[in-house]
2 protein chains.
Amino acid sequence: MTAKAKSGKRDPEEERFLEKYKAGAYARPSVTVDLVILTVLDNDLKVLLVQRNEHPFKGRWALPGGFVRVSDDRKDQGEDLDAAARRELEEETGLSKETAGDFFLEQVRTFGRPGRDPRMRVISVAYYALVRSTLVPLIRAGGDALVARWFSVAELADAALAFDHAEIVDATLVKARADLDRSSIAFELVPETFTIQELRGVHEAIRGEALDPGNFRKKFLRMIEDGHIEAARGKRATASKPASVYRFARSPV
Amino acid sequence: MTAKAKSGKRDPEEERFLEKYKAGAYARPSVTVDLVILTVLDNDLKVLLVQRNEHPFKGRWALPGGFVRVSDDRKDQGEDLDAAARRELEEETGLSKETAGDFFLEQVRTFGRPGRDPRMRVISVAYYALVRSTLVPLIRAGGDALVARWFSVAELADAALAFDHAEIVDATLVKARADLDRSSIAFELVPETFTIQELRGVHEAIRGEALDPGNFRKKFLRMIEDGHIEAARGKRATASKPASVYRFARSPV
DNA sequence: GCAAAAGTGTTTAATTTACACCCATGC
DNA sequence: GCATGGGTGTAAATTAAACACTTTTGC
């Protein structure tokens with residue numbers, strides 16, 4: 001509401017002020033977006049990393065990311081932060097909205113410690129993205145002939161990530177675990193239709209601990225009563241008894 | 001751990017690379033910090049705003065804030081984001097760590113929509129700060145001859161804040177309410193020693209709804225058992241029966 | 001038949017919510 | 001004494017946690 005009011009009419013004096021305003025009185029940092037792209041594969045939470053083929057940290061694994069495109073042109077100041085994150089996500093994975101639908105993408109926090117990039121002052125807005133494991137086979141490394149690989153969270157301790165990317169991943173995992181309780185992020189990591197156990201597997205992978213199947217089921221059944229989930233047709237073959245499948249309800253009652 | 005590994009030794013080739021690296025191949029945005037300074041006064045959640053005396057939005061109310069000081073000097077890239085926020089907080093309120101102790105200060109989110117500042121591309125890292133109401137009388141407007149005023153949250157709807165600051169405040173309130181359940185931010189808004197009702201008042205102000213005194217007390221007593229709070233000496237005079245006072249335990253058992 | 005996982009039920013404790021009510025003090 | 005808010009108690013409902021048990025499939 002009020003946020004939009006500001007784009008309304010301006011008084012003529014302010015208009016004249018803007019005309020002759022000269023930007024750039026202060027030194028400016030570079031601003032990037034870094035992506036923590038998560039999926040759950042084999043009941044394991046994994047992060048997509050790319051191998052750097054330039055200095056600094058040449059050869060080390062790092063989060064995909066890139067510069068936010070900006071300009072001081074008053075008519076076109078460049079892309080939004082969210083748009084930059086989405087663009088990088090598409091560039092790095094090769095998945096587009098058209099081929100793979102929409103992605104969950106949300107800001108984590110901004111990292112700007114001096115010295116985190118030895119080249120220059122870089123402030124990085126970290127985002128995390130959730131990608132269904134069904135899409136993982138479609139992913140190809142990004143355009144810059146990059147080598148990309150999924151790392152399970154346990155592997156990260158030994159990976160010696162570039163920059164402060166280990167810290168960014170840690171902060172993301174904390175946030176993802178908190179979001180798991182309050183929002184519906186688990187549904188972003190499960191196929192269109194899914195079994196209760198598949199959903200439990202996602203919860204277990206993110207929380208990093210086993211959950212009681214019976215108790216999880218009960219909480220799940222409550223979600224059905226609340227209209228967040230509905231039964232879907234068919235059964236899923238498993239190693240034993242086939243399981244019922246469900247679907248996330250777009251319009252919770 | 002791993003985050004620190006990066007500042008270790010670098011190979012000589014990388015060192016040479018950095019020596020001849022020229023920064024600034026990409027256009028850069030200005031980066032600022034904006035502060036949502038909160039207090040609870042008269043059982044009401046309030047935000048400190050300053051009146052702009054320059055274009056754009058001259059005369060309108062805005063969040064205090066300012067540019068992050070940066071440099072590409074490899075030895076000194078400037079100040080950290082947290083440090084910038086803390087510096088602005090001290091500048092705008094006149095309170096220093098020495099006179100008023102430490103403040104709660106935490107990042108909210110980063111706002112970078114193109115056009116949010118009509119002068120140039122500005123990306124702003126929003127922080128929120130909590131200030132005990134006991135310190136409020138000490139606050140004097142910042143150095144730039146600024147007019148500052150506390151606005152209760154209800155008043156904000158009519159205030160027509162500058163830039164996208166209304167959006168920033170909204171996001172902050174959502175975060176503060178979430179933090180209220182999970183961390184101990186309420187203790188940051190209450191005097192050194194406090195009564196149960198004073199603490200409840202802070203919760204009510206942040207959540208914007210009344211809480212049952214009896215039930216709140218029970219939850220509170222559980223915090224005592226957990227060692228988060230301990231009884232303090234003395235009583236607080238009230239309109240009726242004097243109330244016991246408590247103290248936040250620095251070292252929860 | 002048997003292992004394995006789906007699915008159901010039970011029991012206990014902890015927590016939430018909605019109240020009723022007593023008590024000490026200032027005026 | 002009496003209004004006010006501090007402080008206590010109770011009872012129902014919901015949720016969390018632990019765990020035993022039954023059912024249905026693949027092999």
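Naming convention: chains lettered A, B, ... in sequence-line order (proteins, then strands); numbering from 1 in each chain.
Residue B:S244 has a polar side-chain atom (N or O) positioned under 4.0 Å from OP1 or OP2 of D:dG7. Distances shorter than 4.0 Å separate none of the side-chain N or O atoms of B:R236 from OP1 or OP2 on D:dG5. The phosphate of C:dA6 (OP1 or OP2) has no side-chain N or O of A:R217 nearer than 4.0 angstrom.
Donor-acceptor pairing under 3.5 Å is lacking for the side chains of B:Y128 and B:D34. Between A:S124 and A:T32, the side chains place a donor N or O and an acceptor N or O closer than 3.5 Å (distance only, hydrogens not considered). Using modelled atom types, one finds no donor on one side chain facing an acceptor on the other under 3.5 Å when comparing A:S133 with A:T39.
Looking at A:E192 and A:R132, no side-chain N of the basic residue comes within less than 4.0 Å of a carboxylate O on the acidic one, giving no salt bridge. Here B:E204 pairs with B:R200 in a salt bridge; the nearest charged N to carboxylate O distance falls below 4.0 Å.
In terms of polar N and O atoms assigned as donor or acceptor, the side chain of A:K218 never comes within less than 3.5 Å of the base of D:dT14 in a complementary pairing.
Computed from coordinates, the A:K219 NZ to D:dT14 P distance equals 18 Å when rounded to whole Å. One atom, CZ of B:F216, and another, C1' of D:dG5, lie 16 Å apart when rounded to the nearest Å. Put simply, CE on B:M223 is 19 Å from P on C:dA14, counting in whole angstrom units.
Nearest-nucleotide mapping onto DNA chain C: of A:N215 and B:K241, the residue sitting toward the 5' end is A:N215. Map A:A239 and A:G214 each onto its nearest nucleotide of DNA chain D; the residue landing nearer the 5' end is A:G214.
In this structure, B:F220 and B:Y246 have perpendicular ring planes: the angle between them is above 60°, well past the 30° mark.
Contacts of residues 175-213 of chain B with DNA chain C (heavy atom under 4.0 Å): B:D212.
Closest to the A:K235 side chain, of the nucleotides C:dG7, C:dA4, C:dT16, is C:dG7. In this structure, the nucleotide among C:dG7, D:dT15, D:dG7 sitting nearest to the side chain of A:R222 is D:dT15.
Taking the six-membered ring for Trp, B:F216 and B:H203 have ring centres closer than 6.0 Å.
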